[in-house]
Amino acid sequence: MAIIQNVKGMRDHLPTDMMLRQYIVTTLTRISESRGFEPLQTPIIEYAETLEGKLGDDEKLIYRFEDHGGRRLALRYDQTVPLARVTAQYAGQLALPWRRYAYGPSYRGERPARGRYREFYQFDLDIVGSSSPLADAEIVAMLCEALTALGFPDFVTLLNHRQIIGGIARVSGLSEEAASGVYRAIDKFDKIGADGVRAELLKSGVDAAAADRILNLVQIDGAPADVLAALEQQLADDRRAIAAIANLRAVIAGLTAMGVPASQYRVAPRLARGLSYYTGVVFEAITPHWPEGSLLGGGRYDDLIGLFAGRNIPTVGLAFGIDRLHDVMLELNLGPRPRTTAVAFVTLFGPEQVADSLALATELRAAGINTLIALEPGNLGKQFKEADRRGVRFALVLGPDELTRNEVVIKDLQRGEQRSLPRAAIASLLAEALTEGK
RNA sequence: GUGCCUGUAGCUCAAUGGCAGAGCGCCUGACUGUGGAUCAGGAAGUUGUGGGUUCGAGCCCCAUCAGGCACCCCA
């Protein structure tokens, strides 16, 4: 007996969901290509060794297996490590800086929950081979542009820099080793609050004075310029943090020059982000409608590609979580909700009219109108019902009367209006209705 | 990976340990050149799966699978 069930954490995406998902991907693709980003696709399967050693603790979530030839393989954990591999492998062919986008599934053997799946789709944007703050700004600007285009009413992009967090840890007298526990604790600030973070810090061995200092710094809030000025004062002794603050200032200047509204981003010293390969600017977008975590996030990782390439290739990138974007858009009722891909439904009046009706459908498709045909001639009521149920807006009838007059009956099932028009006029009328609908 | 909650028709959910039901959806017809509304009828279930307790289990117990929540972590 066959098992009729999805593998844990793996989902089917039925047409209704797919149409919204494709809208999201199409929107992101358009934004990417408008800035000259180029598409890349890599295999879902990599050598396990390629993925190992880049992810820290998360490595235990990698799906590993052996193929028929005894090779140690793994399903990709994200699209960033494969990008690093490609950049190193095709170093001679890729002109840097290189802007690349990629869309596809990745796999993590986590316990599934809402918005968290073992197979999940990401849309990645990266600028490979530039350390310019304008590269960081461009990625963040695209993030804001994308969420705006998708119709998100109230998202905020939180910005921070790894060396600001590092500086906070260092001026609080913590070692590099203790710092990672600090990152994890402060990253939870929005979830567990100041007291919760304090408790976590104490638990991970930070003394009370240092914990208070950290909490103090991490809670600095306000306009980006003010936050950075306050941090500059507090972290004056830490050269790396000061450089990071200057870097963030340059990024923000870029955002302003690129026309990103100031309401769409904030500097948040408490933002840490988990992935261990980030080295510079980090950011994530949050919305009150998704308390479970970030919608998407990214940052600068200047060392990762070097592990493959053998030379330093600074890179900044971003990953949209398509599954989460889709789930939130469903809840907020954002984006279009087509029920079908077809605009017109050509009925089959009777066996004698099949050939003419199919020819009509071909004409419409040639004119760019997505057209569905009935498969059983006769019983128009049933055919109209099918068109309506499918959510196709226009039903067309080519019966004996219409054929002698060289006309077509077109019924707008949405409005309930029906007209008989010259056959030649149908395509342009449908095309018109299409553009009006947008 | 740990703890807790849930699983009944396609969907949303009822059913004190005692005959498995409703609404929506679906199919047929009223309506052989027209969908939606209305009316009439119909199909639909191994109660996630496998064991156990009981005269009797959708309900209680054990296991297992899947989903959700909190940890952990992250998209």
Side-chain angles (χ1 to χ4, degrees), chain A residues 1 3-11 14 16 24 55-61 76-80 103-125 143 180-181 183-185 187-188 191-192 196 200 272-276 278 282-286 290-299 317-328 345 347-350 353 374 377-403 408-420:
Chain A
M1 185 62 183
I3 302 172
I4 306 181
Q5 192 173 51
N6 291 76
V7 171
K8 186 184 180 86
M10 311 277 170
R11 303 189 299 163
L14 297 182
T16 314
I24 296 170
L55 304 164
D57 289 346
D58 291 345
E59 216 159 286
K60 58 179 187 284
L61 301 178
R76 68 180 179 206
Y77 178 91
D78 62 17
Q79 298 188 107
T80 306
Y103 169 67
S106 297
Y107 300 84
R108 297 181 191 178
E110 286 184 292
R111 183 125 179 198
R114 190 172 93 113
R116 158 184 295 208
Y117 310 99
R118 289 185 168 185
E119 176 182 70
F120 60 100
Y121 283 75
Q122 287 183 317
F123 192 104
D124 279 36
L125 295 171
L143 186 172
S180 71
Y183 300 162
R184 224 169 304 141
D187 202 34
K188 283 190 258 179
K191 204 181 247 176
I192 61 181
E200 289 248 346
R273 297 198 50 76
L275 287 177
S276 49
Y278 290 123
V282 290
F283 48 84
E284 70 180 35
I286 56 168
W290 192 262
E292 279 85 355
S294 63
L295 281 178
L296 51 100
L318 160 69
F320 292 87
I322 299 302
D323 303 276
R324 284 186 186 178
L325 282 176
H326 174 261
D327 289 356
V328 181
F345 184 101
T347 59
L348 298 177
F349 187 87
Q353 290 76 30
N379 197 342
L380 281 182
K382 213 169 174 177
Q383 296 182 44
F384 270 68
K385 189 164 184 169
E386 184 185 346
D388 183 52
R389 217 182 31 195
R390 290 231 84 84
V392 183
R393 179 162 170 196
F394 295 97
L396 305 181
V397 182
L398 200 51
D401 298 350
E402 287 77 24
L403 275 169
V408 174
V409 164
I410 176 167
K411 181 162 186 175
D412 183 337
L413 295 173
Q414 215 170 77
R415 299 192 185 164
E417 296 163 358
Q418 174 172 328
R419 294 194 273 172
S420 188

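Here is how names work: the chains are called A, B, and so on, in the same order as the sequence lines, proteins then strands, and each is numbered from 1. Keep in mind it's a predicted model, so treat the numbers as computed, not measured.
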May I ask you to test the A/Gln383-A/Phe345 pair for a side-chain heavy-atom distance under 4.5 Å?
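The answer is yes; the side chains approach within 4.5 Å.
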
Check the distance between [N]'s [atom2] and [X]'s [atom1] and give it to me in whole angstrom.
| X | N | atom1 | atom2 | value |
| --- | --- | --- | --- | --- |
| A/Arg114 | B/A75 | CZ | C1' | 14 Å |
| A/Leu61 | B/U2 | CG | P | 14 Å |
| A/Lys60 | B/C73 | NZ | P | 9 Å |
| A/Met10 | B/A75 | CE | C1' | 15 Å |
| A/Glu110 | B/A70 | CD | P | 14 Å |
| A/Arg116 | B/C72 | CZ | C1' | 8 Å |
| A/Arg111 | B/G1 | CZ | P | 8 Å |
| A/Tyr77 | B/A75 | OH | P | 7 Å |

Write down the distance separating the P atoms in B/U38 and B/G23, rounded off to the nearest Å.
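Result for the P pair: 14 Å, nearest Å.
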
Sequence neighbours excluded, which residues qualify as side-chain contact (heavy atoms from CB on, under 4.5 Å) partners of [X]?
| X | value |
| --- | --- |
| A/Lys8 | A/Pro112, A/Arg118 |
| A/Glu119 | A/Met10, A/Pro105, A/Tyr107, A/Tyr121 |
| A/Asp412 | A/Arg393, A/Phe394, A/Gln414, A/Arg415 |

Under 4.0 angstrom, heavy atoms only, what part of the nucleic acid is A/Ala113 near: base, sugar-phosphate, or nothing?
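Sugar-phosphate: the residue A/Ala113, judged by heavy atoms under 4.0 Å, touches backbone atoms but no base.
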
Classify the nucleic acid contact of A/Gly109 as base, sugar-phosphate or nothing, counting any heavy atom under 4.0 Å across all strands shown.
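It contacts nothing in the nucleic acid.
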
Any chance you could list the contact pattern along nucleotides 23-43 of chain B? Use B for base contacts, S for sugar-phosphate-only contacts and - for none, protein heavy atoms under 4.0 Å, 5' to 3'.
---SSS----BBBB-------

Counting primed atoms, P, OP1 and OP2 as sugar-phosphate and everything else as base, the B/S/- map of nucleotides 8-13 of chain B against protein heavy atoms under 4.0 Å is ------

Which range-with-range stems can be found for RNA chain B when each stem has 3 or more Watson-Crick or G-U pairs in a row and both distances sit under 3.5 Å?
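Correct response: B:1-7 with B:65-71, B:10-13 with B:21-24, B:26-30 with B:38-42, B:48-52 with B:60-64.
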
